[in-house]
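Below, chain A is the first sequence line, B the second, and so on; all start at residue 1. Note that the structure is a prediction, hence the values are computed from the model and not measured. These numbers come from the heavy atoms of this one structure, side chains and all, not from hydrogens, waters or symmetry mates.
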2 protein chains.
Amino acid sequence: MERIRQVMQQMITVSDEELNNFLSQAFTKTFKRQEIVSRPQVVPNEIFFMNKGLIRVVIADNAGQEHTIHFALEDQFISDYSNFMLQQPSFYTLQALEETEVIVLPRTAIDWGYKNLQEGEKMGRLIAEYYFIYQDNRIKNTYSRTPKERYDNIAAVFPNIHNRVPQHMIASYLGITSVHLSRLKKASR
Amino acid sequence: MERIRQVMQQMITVSDEELNNFLSQAFTKTFKRQEIVSRPQVVPNEIFFMNKGLIRVVIADNAGQEHTIHFALEDQFISDYSNFMLQQPSFYTLQALEETEVIVLPRTAIDWGYKNLQEGEKMGRLIAEYYFIYQDNRIKNTYSRTPKERYDNIAAVFPNIHNRVPQHMIASYLGITSVHLSRLKKASR
DNA sequence: GAAAAGTCTAAACATTTGTTATCGTTTAAC
DNA sequence: GTTAAACGATAACAAATGTTTAGACTTTTC
């Protein structure tokens, strides 16, 4: 649990004792390639911290078509955070695309942290703000940039993504078909 | 400043005295129809609370085309919150579409609140979380629903929007042209 | 290491969406 | 109240994007 300590210490002022107490409520879990980490229609009661590996977040539309809407990389928190907060059933599937190790933070631990860590609320605010900025940036880009521009820039958001994720999932993330992405790449050669 | 008091009291436990001290650092400002509330390329140092009226948030793409990406209604907070936090120049234009009255919360007041309100950090977290959920929902919908479906549902997100905002701005928000929206409406008759 | 599954490109064709222009109507400004 | 501007629908055409199928290549699995 070394990396999560570092990440938390970068965000807030927190003593070793506080960290120990907080992390004693967490545990490690591993997933194989392709394994499902979290399923839709279940209330998410955990937040995951990515120790190793890669998780994609998927949503299905009314026609049953799957859309990849996010990739989670090392040192990041991942969850259906909305429905974790709302305590409502998730719409998302979380799937490990590589051998993945996460730290599981149960709701009880999160709530304990808000109450008992000196800067617990602040950490909650900073995480929410961090992901707000990520989402805002993303929405901004969908309006103001073409899929090709976003493709050309995607490694800035997800480092090394091209070597870790098949192109059709990237196309899905961009909101276009893999055939179309292939065409766009060809056109710029 | 009655409504902002109520909104804050619904979010956190806060004494009258705290509220008085906090709000004494805020002031009211009015804008006429079409007036610009906030401009791009300026660091946003204020968060606005909507007392009355309607503000749209606009971003321009590389081709100079404008896209309406958000509407702010009564009792909501509005700002380029990302760049407020990052203290970087905004990409957004905020424009009043109606006679609008806002409460201006300068950065100094916000920072004061985090420090000195008993539950200041918590309020920050709740606001960030609230808008996170809004954005998440929005991203979810862009992937899993058609523009027509989102059009049919838009009044759930922005009550009475059809009577307050011209259709081509709604089309812009949906990411389609006004001509196309007109076509979609016709097809479902 | 062989078989199976997955991946990317390509082409042909279908469908969706954008562009431009026009027209009748509504709304806003003086 | 009158005039100018804005608005929404529509049609014709152009461009962008999706669908389906096929084939070559790569990766995974046993």
Side-chain angles (χ1 to χ4, degrees), chain A residues 31-36 53-54 56 58 60-68 71 95-100 141-152 154-155 160-189, chain B residues 31-36 53-54 56 58 60-68 71 95-100 141-152 154-155 160-189:
Chain A
F31 297 93
K32 293 182 200 145
R33 275 174 70 80
Q34 318 290 11
E35 212 175 332
I36 301 299
L54 195 157
R56 72 165 175 150
V58 178
D61 63 22
N62 293 334
Q65 196 81 33
E66 291 198 336
H67 304 267
T68 297
F71 303 102
Q95 181 186 33
L97 293 186
E98 303 175 353
E99 181 86 16
T100 292
N141 285 337
T142 6
Y143 279 96
S144 62
R145 293 188 174 187
T146 64
K148 181 56 169 42
E149 287 171 333
R150 293 194 295 134
Y151 174 77
D152 290 337
I154 197 172
N160 205 25
I161 190 80
H162 296 296
N163 300 318
R164 299 178 74 177
V165 168
Q167 208 163 90
H168 67 266
M169 290 182 189
I170 296 178
S172 176
Y173 175 83
L174 297 172
I176 61 178
T177 61
S178 60
V179 174
H180 188 53
L181 176 55
S182 192
R183 232 175 345 216
L184 293 176
K185 287 170 64 179
K186 184 185 182 185
S188 75
R189 280 196 253 118
Chain B
F31 297 92
K32 293 182 200 145
R33 275 174 70 80
Q34 318 291 10
E35 211 176 331
I36 302 300
L54 194 159
R56 71 165 176 152
V58 178
D61 64 22
N62 293 333
Q65 196 79 33
E66 292 198 336
H67 303 267
T68 298
F71 303 102
Q95 181 186 32
L97 293 187
E98 303 175 353
E99 181 86 17
T100 293
N141 285 338
T142 1
Y143 279 96
S144 62
R145 293 189 174 186
T146 64
K148 182 56 168 43
E149 286 171 333
R150 293 194 294 134
Y151 175 77
D152 289 337
I154 197 171
N160 205 24
I161 190 81
H162 296 296
N163 299 318
R164 300 178 73 177
V165 167
Q167 208 162 87
H168 66 266
M169 289 183 189
I170 296 178
S172 176
Y173 175 83
L174 297 172
I176 62 179
T177 61
S178 61
V179 174
H180 188 53
L181 176 54
S182 192
R183 235 178 337 219
L184 293 176
K185 287 171 64 180
K186 183 187 182 184
S188 76
R189 278 195 256 118

Visitor: So, applying salt bridge (charged side-chain N to carboxylate O under 4.0 Å, His left out) with B:E98, which one of B:R164, B:R33, B:K32 is it?
Guide: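 Result for salt bridge (charged side-chain N to carboxylate O under 4.0 Å, His left out) with B:E98: B:R164.
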Visitor: Does OP1 or OP2 of D:dT28 have a side-chain N or O of A:Q34 closer than 4.0 Å?
Guide: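 Answer no for this pair, as no side-chain N or O of A:Q34 is under 4.0 Å from OP1 or OP2.
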Visitor: Protein-nucleotides 10-17 of chain C N/O pairs closer than 3.5 Å?
Guide:
residue, atom, partner, partner atom, Å
C:dA11, OP2, A:K186, NZ, 3.1
C:dT17, OP2, B:H180, NE2, 3.1
C:dT17, O5', B:H180, NE2, 3.4

Visitor: Measure CZ/A:R164 against P/D:dT27 and give the value in whole Å, please.
Guide: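 Between P of D:dT27 and CZ of A:R164: 17 Å.
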Visitor: Between B:Y143 (side chain only) and A:E66 (backbone N and O only), is there a donor and an acceptor less than 3.5 Å apart?
Guide: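 No; judged by distance alone, with no hydrogens or angles, the pair does not exist.
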Visitor: Specify the separation, in whole Å, of atom NE2 of A:H168 and atom P of D:dT19.
Guide: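 Atom-to-atom, A:H168 to D:dT19, this comes out as 15 Å.
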Visitor: Rounded to the nearest Å, what distance is computed from the CD atom of residue B:E99 to the P atom of nucleotide C:dA28?
Guide: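 Rounded to the whole Å, the gap is 13 Å.
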Visitor: Can you tell me how far P of D:dT17 sits from NZ of A:K185, to the nearest Å?
Guide: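 Taking atom P of D:dT17 as the reference, NZ of A:K185 is at 17 Å.
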Visitor: Apply the test ring pair (Phe, Tyr, Trp, His ring centres under 6.0 Å) to residues A:Y151 and A:H162: give CA-CA distance (whole Å), side-chain angles for both, the deciding distance (0.1 Å), then the verdict.
Guide: CA-CA 10 Å; A:Y151 174 77; A:H162 296 296; 5.3 Å; yes
Visitor: Of the non-hydrogen atoms in A:I36 and A:F31, which two are nearest, and what is the gap between them?
Guide: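 Heavy-atom minimum between the residues: O-CE2, 3.9 Å.
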Visitor: How many whole angstroms separate atom CZ of A:R33 from atom P of D:dT27?
Guide: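 Rounded to whole Å, this separation is 11 Å.
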Visitor: Can you check side-chain hydrogen bond (donor to acceptor under 3.5 Å, both in side chains) on B:E149 and A:N62, steps first, answer last?
Guide: CA-CA 11 Å; B:E149 286 171 333; A:N62 293 334; 3.3 Å; yes
Visitor: Rounding to an integer number of Å, can you tell me how far A:L97 CG sits from D:dT27 P?
Guide: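 The distance from CG of A:L97 to P of D:dT27 comes to 16 Å, rounded to the nearest Å.
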Visitor: When the distance from CG of B:N163 to C1' of C:dT27 is rounded to whole Å, what number comes out?
Guide: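 Atom CG in B:N163 sits about 14 Å away from atom C1' in C:dT27.
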Visitor: Without decimals, in angstroms, what is the distance between B:L181 CG and D:dG8 P?
Guide: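 In whole Å, D:dG8 P lies 9 Å from B:L181 CG.
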Visitor: Closest approach of A:K185 and A:Q167, non-hydrogen atoms and distance?
Guide: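 Result for this residue pair: NZ-NE2, 2.5 Å.
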